[in-house]
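Numbers restart at 1 for each chain; the letters A, B, ... are given by sequence-line order, proteins then strands.
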There are 2 protein chains.
Amino acid sequence: MLFVSKDPVVSRSTLKRLPLYLHLLEALLAQGVECVSSTQLAREFNFNPTQVRKDLEVTGEVGKARVGFRVAGLVVRIRDFLGWNSTHDAVLVGVGNMGKALLGYKDFEKYGLNIVAAFDKDVRKVGATTFDREVLPLAQLPKFIKRTKVHIGILTVPAREAQPVVDLMLAAGIKAIWNFAPAPLRIPAGVILENARLTQSLAVLTSHLTHQN
Amino acid sequence: MLFVSKDPVVSRSTLKRLPLYLHLLEALLAQGVECVSSTQLAREFNFNPTQVRKDLEVTGEVGKARVGFRVAGLVVRIRDFLGWNSTHDAVLVGVGNMGKALLGYKDFEKYGLNIVAAFDKDVRKVGATTFDREVLPLAQLPKFIKRTKVHIGILTVPAREAQPVVDLMLAAGIKAIWNFAPAPLRIPAGVILENARLTQSLAVLTSHLTHQN
DNA sequence: CTTTTATCGAGAAGATTATATCGATACTTT
DNA sequence: AAAGTATCGATATAATCTTCTCGATAAAAG
Ligand SMILES: NC(=O)c1ccc[n+]([C@@H]2O[C@H](COP(=O)([O-])OP(=O)(O)OC[C@H]3O[C@@H](n4cnc5c(N)ncnc54)[C@H](O)[C@@H]3O)[C@@H](O)[C@H]2O)c1
Ligand SMILES: NC(=O)c1ccc[n+]([C@@H]2O[C@H](COP(=O)([O-])OP(=O)(O)OC[C@H]3O[C@@H](n4cnc5c(N)ncnc54)[C@H](O)[C@@H]3O)[C@@H](O)[C@H]2O)c1
């Protein structure tokens with residue numbers, strides 16, 4: 001779509017398919033499979049083989065005619081491309097149901113994400129330790145972001161609180177926001193916003209079920 | 001993309017933008033705003049006005065030149081279109097961190113989703129009550145689905161457990177699956193699969209941060 | 001009452017994304 | 001060794017999605 005600055009123009013669609021391939025490839029790697037063709041991968045997901053090849057092209061891994069791609073090579077290349085071989089620190093704001101689920105998710109480290117601190121404005125939550133991380137008062141958020149130079153902000157507050165918290169984050173220098181609240185956010189160009197809105201996902205299900213009858 | 005059976009009248013992109021409009025429109029409605037133009041809506045999201053009009057067209061609501069669309073009308077039409085004015089019952093399997101967050105989410109009823117029961121294979125979790133719902137043993141899942149004719153299955157088990165649980169659901173007659181596990185699932189045509197994969201969403205963030213430097 | 005302006009809906013044009021085609025290549029089979 | 005075949009990468013074509021253009025229309029301004 002938009003949002004990429006220079007030449008490495010990779011579509012958001014491709015970007016979202018890469019983790020799908022990766023998960024499968026890691027399973028194949030664990031099974032000891034050495035090579036896999038675009039045809040095989042495509043069959044797993046009901047994609048088109050050409051599309052798979054185009055997607056994998058962005059990682060730089062080249063395949064061999066009649067053989068396919070090296071599984072181990074693809075795994076490394078995709079992880080590198082996605083930035084999952086390095087660590088991206090993040091702060092989380094809103095230690096409610098969703099916030100706690102994210103804080104408790106061990107596998108984020110596999111995806112290069114490291115939640116270093118959590119914040120809440122509810123004094124009853126502050127001070128408690130949630131999954132080994134202390135919950136800090138919201139007031140300390142700006143200073144913390146500036147001091148630790150953390151780039152990612154995870155937003156798990158109620159919708160009406162989302163924009164004010166985002167403004168705090170932006171003022172403190174956050175570069176990317178992962179938003180779970182069903183609220184339209186205003187952010188300046190240059191900052192990446194990714195909405196993990198479950199309601200959007202749900203819309204696909206409920207509308208299909210509705211129009212099927 | 002693919003996976004819609006007959007005439008895929010509405011694109012998935014449009015489908016995912018409708019909830020965005022809806023959330024904003026509901027806020028406007030609460031403020032007493034009566035009409036809104038595609039231009040105004042577009043500005044809020046940095047979309048193109050024509051795109052907004054095309055999206056809204058699918059709901060059947062017609063606008064008035066020089067005035068725009070009735071906010072109240074759009075809210076009803078979008079909710080109807082998405083199936084959010086009726087109730088879709090669902091079962092949830094895997095009462096871990098994510099499963100509990102979903103069980104505790106009060107607003108799902110606004111989105112037409114009603115989680116009627118939760119299942120887990122861990123005997124320590126079974127019997128406990130999580131957010132007013134008893135956790136049932138996995139063994140009871142098939143009978144429960146058949147008896148209650150529930151259509152939606154929510155999958156919050158570890159990735160390696162995903163396919164076996166899906167197979168159970170399918171055999172019992174589930175029509176739509178909302179999957180949170182990072183695993184490629186095999187499902188027959190006619191069943192709707194929607195992946196709420198946070199790792200796909202995360203890929204957008206981490207890859208951008210990586211390639212910016 | 002006429003002109004101006006903002007917006008609509010329909011259709012055309014443009015951009016992006018997905019798929020098909022094809023020569024080259026590397027492995028298998030005969 | 002030669003023939004056959006699956007797959008690659010490159011390029012062309014097709015499909016889809018987005019944006020532009022324009023005549024019609026409804027409200028506001030003159
Ligand atoms: N729980 C889910 O399954 C789910 C599903 C879809 C969307 N969401 C969205 O995710 C967000 C969080 O949902 P939840 O279920 O965790 O809600 P929740 O009410 O359980 O938690 C919200 C937390 O944010 C804190 N908070 C409120 N305002 C704050 C502020 N200004 N600064 C810092 N902290 C603040 C609250 O104290 C609370 O701890 C909501 O926007 C919700 O709509 C949640
Ligand atoms: N927690 C998160 O923030 C998060 C983020 C992204 C993805 N996910 C994915 O969501 C899924 C659940 O994550 P989680 O953090 O809740 O994990 P979790 O380990 O906390 O919970 C998993 C639950 O599933 C149950 N379970 C395991 N096998 C089962 C089976 N065959 N049948 C029924 N129940 C079974 C376990 O007993 C446990 O209660 C995982 O696939 C995870 O990768 C979670």
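- The aromatic rings of Phe108(A) and Tyr111(A) sit perpendicular to each other, their planes meeting at more than 60°, with 30° as the lower class boundary.
- In this structure, the CZ atom of Arg53(A) is 7 Å from the C1' atom of dT7(D), given to the nearest Å.
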Take Leu92(B) and Leu155(B), measure what side-chain contact (heavy atoms from CB on, under 4.5 Å) needs, and give me the verdict at the end.
-> CA-CA 6 Å; Leu92(B) 181 146; Leu155(B) 204 62; over 6 Å; no
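- Looking at heavy-atom distances under 4.0 Å, Ser38(A) makes contact with sugar-phosphate atoms alone, never a base.
- Between the CZ atom of Arg12(A) and the C1' atom of dT18(D) there is a distance of 16 Å, rounded to whole Å.
- In this entry the distance linking CD of Glu57(B) with P of dT18(D) reads 14 Å, nearest Å.
- The aromatic ring centres of Phe131(B) and Tyr105(B) sit 6.0 Å or more apart.
- Under the 4.0 Å criterion applied to side-chain N and carboxylate O atoms, Arg79(B) and Glu26(B) are assigned as salt-bridge partners.
- Considering Arg77(A), Gln40(A), Glu61(A) as possible partners of Phe69(A), the one that fulfils the side chain to side chain contact (heavy atoms under 4.5 Å, CB included) test is Glu61(A).
- Atom-to-atom, CZ of Phe47(A) to P of dA20(C) comes out at 15 Å; the value is rounded to the nearest Å.
- Between the side chains of Asp55(A) and Tyr21(A), a donor-acceptor pair is found at a separation under 3.5 Å.
- Across the protein-nucleic acid pair, Asp55(B) atom CG and dG9(C) atom C1' stand 14 Å apart, rounded to whole Å.
- DNA chain D is contacted by Lys64(B), Ala65(B), Arg66(B), Val67(B) of residues 63-74 of chain B, taking any non-hydrogen atom closer than 4.0 Å.
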Distances under 3.5 Å between protein N/O atoms and the N/O atoms of nucleotides 11-13 of chain C, please, pair by pair.
{"residue": "dG11(C)", "atom": "O6", "partner": "Lys54(B)", "partner atom": "NZ", "Å": "3.2"}

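- Within a 6.0 Å radius of CZ in Arg133(B), other residues, nucleotides and ligands contribute more than 12 heavy atoms.
- With rounding to the nearest 0.5 angstrom, the CG atom of Leu22(B) is 7.0 Å from the CG atom of Leu82(B).
- Rounded to a whole Å, the NZ atom of Lys16(B) is 13 Å from the P atom of dC17(D).
- In this structure, the CD atom of Gln51(B) is 13 Å from the P atom of dT16(C), given to the nearest Å.
- Whole-Å rounding puts the Gln40(A) CD to dA6(D) C1' distance at 11 Å.
- Of the charged side-chain nitrogens involved, at least one lies within less than 4.0 Å of a carboxylate oxygen, so that Glu194(A) and Arg12(A) count as a salt-bridged pair.
- Note on Thr39(A): a side-chain N or O is less than 4.0 Å away from OP1 or OP2 of dT7(D).
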